[in-house]
Participant: 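Structure in structure tokens, see below.
So that the names make sense, note that chain A is the first sequence line, chain B the second, and so on, each numbered from 1.
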Amino acid sequence: MMNITCPFCGKRNESEFIHGGPVGAVRPDPNAVSDEEWVEYLTVTPNPLGPVQEKWWHARGCGEWFSIWRDTRTHDIVEAPDGTT
Amino acid sequence: MSYDVTIERCGQKALFDLKGALDAVSQWAGDALPSLPIRPNSRTEEDGIELFHIGRDHWITRAPLAQEDAIEARLKPTDCPADISIVRVSDTMTFFCIVGPDAGQVMSIACPMDLHDSVFRTDAVSYTEVFGLKALVMRCQDGIEFAVEQSFADMVEDYLIRATA
Ligand SMILES: [Zn+2]
């Protein structure tokens with residue numbers, strides 16, 4: 001069992017939450033990037049070995065959407081890596 | 001295992017769902033409601049009208065059913081400004097009261113939250129899970145009260161009977 005900290009409710013059981021997938025890259029201006037970069041933005045999902053930023057929905061709770069960083073090697077919720085938010 | 005509890009399926013109450021920024025909701029509600037609780041997952045009560053702060057910019061108010069029409073007339077849900085939302089939800093939720101010495105034991109079967117009174121205080125209210133369903137949970141006299149979507153009420157009553165048999 002994992003506890004996830006909701007920004008409104010605080011620490012709660014993971015069963016109250018629904019995973020919303022990884023946070024994708026910021027949408028580039030389609031006119032300012034190459035076709036390859038645009039296709040990469042549209043189709044490539046972040047899947048690092050290490051910290052990944054994920055969206056979670058406190059569905060059986062307050063209804064808040066938020067993001068956390070989770071380390072895919074340990075399943076631990078971790079601090080955002082330096083230089084990220 | 002049997003438990004020393006009494007389970008009551010409560011009658012309908014007047015319920016209104018309020019969404020919007022604190023100032024905007026407060027201003028529109030005027031003196032129709034007590035002041036809105038600010039702390040997340042807390043509640044206030046004045047003259048039988050309760051207010052639950054159950055999400056960001058989100059409250060529920062509860063009052064005796066006899067006051068439903070009067071509260072609606074004062075909150076004027078259909079006339080409220082576009083930046084807030086007021087919806088009468090009285091018939092969407094069914095409340096259960098679990099009271100008695102073993103109320104905490106029974107709730108620990110159903111709910112993943114720590115409901116000990118040192119953690120879950122008298123003025124606490126929160127959405128969480130009861131038997132895996134989204135439920136609004138709070139303390140009541142000698143126990144715990146919770147609400148589920150009314151369509152699940154018969155099933156939840158059955159679960160409670162089985163859990164406490
Ligand atoms: Zn929450």
Participant: If you draw a 6.0 Å radius around CG in B:D47, do more than 12 non-hydrogen atoms from other residues or ligands fall strictly inside?
Facilitator: no

Participant: Is there a side-chain contact between B:Y127 and A:R12 (heavy atoms, below 4.5 Å)?
Facilitator: no

Participant: State yes or no: do B:I38 and B:I84 share one hydrophobic cluster built from I, L, V, M, F, W and Y residues joined by side-chain heavy-atom distances below 4.5 Å, directly or via other members?
Facilitator: yes

Participant: To the nearest 0.5 Å, what is the distance between NZ on B:K134 and NE2 on A:H58?
Facilitator: 8.5 Å

Participant: Using the benzene-type ring in the case of Trp, are the ring centres of B:H53 and A:F8 under 6.0 Å apart?
Facilitator: yes

Participant: Any chain of hydrophobic side-chain contacts (each under 4.5 Å) joining B:L65 to B:L51?
Facilitator: no

Participant: Going only through I, L, V, M, F, W and Y residues with side-chain contacts under 4.5 Å, is there a path from B:I144 to B:V156?
Facilitator: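 B:I144 and B:V156: one cluster.
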
Participant: Are B:V125 and B:L115 connected into the same hydrophobic cluster when the rule is that any two of I, L, V, M, F, W, Y join if their side-chain heavy atoms are below 4.5 Å apart?
Facilitator: no

Participant: Where is the tightest heavy-atom contact between A:E16 and B:P112, given as atom of each residue plus distance?
Facilitator: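 Closest heavy-atom pair between A:E16 and B:P112: OE2-CG, 4.0 Å.
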
Participant: Which pair of non-hydrogen atoms, one from A:P7 and one from B:R56, has the smallest distance, and what is that distance?
Facilitator: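 It is CB-NH2, 3.9 Å.
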
Participant: Tell me which of these, B:D114, B:T128, B:I54, has more heavy-atom pairs under 4.5 Å with chain A than the rest.
Facilitator: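 Top option by heavy-atom pairs under 4.5 Å: B:T128.
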
Participant: Answer with yes or no whether the hydrophobic clustering places B:F95 together with B:I98; edges join I, L, V, M, F, W, Y residues whose side-chain heavy atoms lie under 4.5 Å apart.
Facilitator: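 Unlinked, B:F95 and B:I98 end up in two clusters.
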
Participant: Check whether B:L136 gets within reach of chain A through its side chain, its backbone, both or neither, counting any heavy atom under 4.5 Å.
Facilitator: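 Contact with chain A is absent: no heavy atom of B:L136 under 4.5 Å.
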
Participant: Does B:E129 reach the side chain of A:S15, with side-chain heavy atoms less than 4.5 Å apart?
Facilitator: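 With C-beta onward as the side chain, the pair touches.
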
